[in-house]
Amino acid sequence: MNLVIDIGNTVAKLAAFDEAELLEVVYDNRTLELLPEFCNKYAFDKAIVVTVIDLEAEAEARLSSLNFPLLRLDHNTPLPVRNLYETPHTLGYDRMAAVVAANCFFPGRDVLVIDAGTCITYELVDASGCYHGGNISPGLQMRFKALHRFTGRLPMVSSQGRMELIGKNTETAIRAGVLKGMEYEIEGYVRAMKDKYPGLLVFLTGGDDFSFDTNLKSIIFADRFLVLKGLNRILDYNNDKV
C-alpha cells in the first residue's frame, strides 16, 4: 500500500494506492490536517510527497511523524524518464510526476501533458523517454484575478455565467476573453507540437477549475489524477531506496 501526497498552491491531495490501483483521494489543506486520520484508515507500507510550496510547520510535523518510509521527491530522486531540464533544482516536480505517468501509460510515444491548475503547464516527453521541458502560463483563476487586481475598474468575474464569442458587456467580455483565450492557447500549443511530432498524444489533467467536458478535439486523454499516478509510479521505481 502506497500513500501519495501532492501539496499544491491551494490544496493538498492525499491518495491511497494498492499497487497501481487508486483507491481513494482526499482533499486536504496545506497543513495536512487530515493526514493522521487518512493513515489510520489504510495499512500503508511507504509514502511519497511532492510540494510546490515551502512546508508549514504543522505539515512538516505530520510528515515527520509517519511510521513508515517517506520519499521526498526532488531533483535528486531517480526517475524512470531522462530529465533534460536545464535547471532541475527549480523544476516543480508535480510537473515531472505528470510526465512520468503519461510516459508509463504510453511508452515509446511522444506525449504532451497539459496540466490546468493554478497555472497551466505544458510538458513534453518524447518517444525515447526524454523529458524536454515545458512552458508555464497563468491558470483560470489567476487570469480573472489579474484583470481585476491590475486594473482600476474591471470587476472580478466568475467563470460561470453567460458566455458569448464576443462579449456584449464588460462581464461577458472578461469571461469570453479568459475562457476562449485559454482554449485558443491550448489549441495553439497542440497544433505547434503536432507539426514537430506528428504522432503526438495529448493528456489533459488539472484541478476543479478546468472543465473536463472540453470540446477541444486535440485532447485525446483526460485524467484528473495523472500527477498522483505519476507519483505512485516514482515511489515504486524507488522501492529499494525507501
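Follow the hydrophobic side-chain contacts under 4.5 Å out from Ile234 and you reach Tyr93 in the same cluster. When the side chains of ILVMFWY residues are joined at heavy-atom separations under 4.5 Å, either directly or via intervening members, Val50 and Leu235 end up in a single hydrophobic cluster. In this structure, Phe221 is a member of the same hydrophobic cluster as Val125, with clusters built from ILVMFWY side-chain heavy atoms closer than 4.5 Å. Connection of Leu140 to Leu154 is established within a shared hydrophobic cluster, with ILVMFWY side chains joined at heavy-atom distances below 4.5 Å, either directly or through further cluster members. Hydrophobic clustering places Leu66 together with Val26 (ILVMFWY residues linked when any side-chain heavy atoms are closer than 4.5 Å, directly or through intermediates).
Classification of Arg82 and Asp126 as a salt-bridged pair fails, no side-chain N sitting under 4.0 Å from a carboxylate O.
Taking every heavy atom of both residues into account, Arg175 and Arg162 meet most closely at NH1-O, 2.6 Å. Minimum interatomic distance between Thr170 and Pro155 (heavy atoms only, all atoms of both residues): CG2-CD, 3.8 Å. Leu179 and Ser159 make their closest contact through CD1-O, 3.8 Å (heavy atoms, listed as atom of the first residue, atom of the second, distance). Heavy atoms only, all atoms of each residue included: Pro80 and Val100 are closest at CG-CG1, 3.6 Å.
In this view, Leu23 and Met1, Ala16, Asp18, Glu21, Tyr42 satisfy the side-chain contact (heavy atoms from CB on, under 4.5 Å) rule, not counting sequence neighbours.
No donor-acceptor pair closer than 3.5 Å links the side chain of Thr87 to the backbone N or O of His89.
None of Ile48, Val49, Asn239 except one satisfies the side-chain contact (heavy atoms from CB on, under 4.5 Å) rule with Leu71; the exception is Ile48.
Here Tyr131 contributes atom OH and Met96 contributes atom CE; the two are 5.5 Å apart, rounded to the nearest 0.5 Å. For the atom pair NZ (Lys13) and CZ (Arg224), the distance works out to 9.5 Å, reported to the nearest 0.5 Å. For the atom pair CG of Asn2 and NZ of Lys46, the computed distance is 3.5 Å after rounding to the nearest 0.5 Å.
More than 12 heavy atoms of other residues, nucleotides or ligands lie within 6.0 Å of CD in Glu58, so this atom counts as buried by the packing criterion.
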Pairs under 3.5 angstrom only: tabulate donor-acceptor contacts from the side chains of residues 101-111 to other protein residues two or more places apart or in another chain.
unit_1, atom_1, unit_2, atom_2, d
Arg109, NH2, Gly199, O, 3.0
Asp110, OD1, Ala127, N, 2.7

